[in-house]
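The structure appears right after this line, and notes come after that.
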Amino acid sequence: MTRFQEAICEKLLLSAAWTSGSIVVFIFAFMLFLGLPLLSGGHFFSLLTAHWAPQQGSYGILPMMAGSLFLALLGLLFSFPLSLGCACFISVLGPAKLRFLLRKVVELMTGIPTVIYGFVGLFLLVPLVRDIFGRGGLSLLSASLMLALLIAPTMILFFCDSFDRVPRSYLDAVDAMGGSKVQKLLYVMLPNSVHGIAAGITIALGRAVGDTLLALMLAGNAIHIPHSCLDSARTLTSHIGLVFSADFESLEFKAIFACGITLYLFTAVLVLVVRGINHRLRRPL
Amino acid sequence: MFELIKIKTENLSFSYNGNRILDNVSLEFREKTITAIVGPSGIGKSTFLLTLNRLWETVPQSSMSGRVKIRFDGKMQDIYGNGMSLTGLRRKVGMVFQAPNPLPMSIFKNIAFPLKLAGIKDRRTIDENVERALQQAGLWMEVKDRLNDSGLHLSGGQQQRLCIARALVLQPEVLLLDEPTSSLDDASAAVIEELLVNLKDNCTLIVVSHYFDQVKRIADTVFQFPYNGISQQ
């Protein structure tokens with residue numbers, strides 16, 4: 001490859017990186033621009049803290065923020081142990097053929113449309129939750145369980161990849177010392193995969209906060225701050241979807257820009273928190 | 001002096017990805033001696049070592065036939081037999097790799113790691129064994145004041161001696177060394193050679209080596225690969 005071709009390649013790749021990076025900034029600027037009337041009118045922070053009561057002229061999005069946060073964290077809480085266990089089985093513990101098969105199944109799961117998960121949740125999980133608990137069919141619990149299933153494949157594949165990146169020489173050393181598979185996993189693979197695990201959690205959490213369809217189909221969409229897993233809840237994303245599909249003129253519609261900005265910042269803060277934890281864990285064994 | 005046979009391979013063949021690497025290798029290794037395996041690259045010397053501690057089993061698309069017997073507790077035992085515990089075997093047959101492979105932890109924890117894997121928790125026993133292994137590997141004086149430093153911060157020669165100490169901490173009966181000095185300078189290699197000669201009082205050593213000078217200096221027996229049934233002693 002000539003120097004000229006190399007320079008062209010470098011410029012092309014640089015422009016691709018700049019484009020994708022600037023789109024993220026551009027989207028935020030766009031949200032700010034559209035939400036400017038709210039910000040300049042001093043309504044933005046009252047929207048964040050107030051409750052939703054359109055009859056009284058209050059369009060606060062606090063319940064939706066609570067709904068998004070609870071749903072995402074609950075989904076992650078259910079999904080993380082499942083994903084970690086599954087990744088350990090696929091990467092180390094399982095028999096070779098089953099490991100291969102399971103990995104392919106998990107890769108396939110990433111391609112299943114969210115609406116399918118929604119249907120399965122609606123027709124199988126919601127009645128089950130209602131039967132077991134006597135209430136709460138369309139609830140945070142149903143939505144978070146399906147959400148856990150939705151985000152699990154991403155986490156599993158991230159975890160598996162981070163296990164695969166543990167240097168072969170470390171694994172050979174443990175094998176040669178007579179370490180069992182579980183010891184190899186606990187003492188060498190997990191401590192050396194902390195960053196990959198954190199990355200998997202970050203991506204999964206972003207997906208959980210940003211998911212709209214499952215929340216819309218399974219969480220019930222009631223506008224109040226949920227107090228239990230069996231309560232119905234509305235997330236920021238489903239709120240945007242519901243209001244957007246209703247009208248374009250009302251004050252309610254204007255409030256969804258606050259939802260958008262909040263959602264954006266919310267995801268950014270969550271990513272930073274996970275990165276902060278990850279940074280703290282960066283110490284020798 | 002009559003020396004017992006410690007390791008015996010019978011018609012050992014090994015294939016990787018459909019290619020036959022070892023073909024009907026039948027060899028005997030005497031107890032408390034140093035045996036060197038020499039020969040050109042890619043001829044199966046390292047693979048042969050892996051058949052003696054079953055480490056090849058983690059390599060996909062590989063297969064082995066034949067038998068390997070090692071004398072444990074005064075009795076020749078088939079290491080691929082049903083009664084043989086894999087973890088037990090690897091604790092008795094230590095291994096040192098071509099490139100030093102300390103784990104990303106402190107010097108002390110590196111040496112204590114096999115003890116942890118073996119379930120030894122008594123702090124005093126651990127301390128004593130770590131010191132003994134480091135002394136055996138000739139590293140104690142160099143690291144005794146910085147046992148909590150990372151093992152990765154040692155020089156190449158020190159890292160290799162750290163790995164030898166780690167392999168010695170469980171007092172193995174056999175020590176397999178795969179070109180242990182190939183990544184080291186002459187001075188570091190000389191230290192390790194001297195160390196190996198001292199170790200044979202307690203241990204049966206098998207060393208894969210490229211260096212004929214080294215082999216002449218330290219080995220009691222030499223096997224030339226590709227193996228054709230003739231060994232030079």
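Quick note on labels: first sequence line is chain A, next is B, and so on, each numbered from 1. Below, all heavy atoms of this structure are taken into account, side chains as well, without hydrogens, waters or symmetry copies.
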Residue pair [X] / [Y], side-chain heavy-atom distance below 4.5 Å:
| X | Y | answer |
| --- | --- | --- |
| A/Gln183 | B/Phe113 | no |
| B/Pro100 | B/Pro102 | yes |
| A/Val174 | A/Met189 | no |
| A/Phe158 | A/Pro153 | no |

Legend entry - Contact listing (chain A partner; residues 65-74 of chain B; heavy atom under 4.5 Å): none
Inset, instruction - Flag the one option from A/Ser180, A/Ala96, A/Ser169, A/Ala176 with the top tally of heavy-atom pairs under 4.5 Å to chain B. - result: A/Ala176
Inset, instruction - Show your reasoning for whether side-chain contact (heavy atoms from CB on, under 4.5 Å) applies to B/Ile7 and B/Ile206. - result: CA-CA 10 Å; B/Ile7 302 170; B/Ile206 303 179; 3.6 Å; yes
Inset, instruction - Return the option, out of B/Ala99, B/Gly94, B/Ser85, B/Pro114, with the maximum number of heavy-atom pairs under 4.5 Å with chain A. - result: B/Pro114
Legend entry - Most contacts with chain A, counted as non-hydrogen pairs under 4.5 angstrom, among B/Thr58, B/Leu89, B/Val169, B/Val96: B/Thr58
Legend entry - For B/Leu103 against A/Met177, the heavy-atom pair lying closest together: CD1-CE, 4.0 Å
Legend entry - CZ-OG1 distance between B/Arg30 and B/Thr35, expressed to the nearest 0.5 angstrom: 7.0 Å
Inset, instruction - Apply the test side chain to side chain donor-acceptor pair (under 3.5 Å) to residues B/Gln214 and B/Thr181: give CA-CA distance (whole Å), side-chain angles for both, the deciding distance (0.1 Å), then the verdict. - result: CA-CA 10 Å; B/Gln214 183 178 64; B/Thr181 59; 2.8 Å; yes
Non-hydrogen atoms of chain A under 4.5 Å away: do they reach the side chain of [X], the backbone, both or neither?
| X | answer |
| --- | --- |
| B/Lys92 | neither |
| B/Arg166 | side chain |
| B/Leu55 | side chain |

Legend entry - Aromatic ring pairing A/Phe159/A/Phe80, orientation class (parallel under 30°, perpendicular over 60°, tilted between): perpendicular
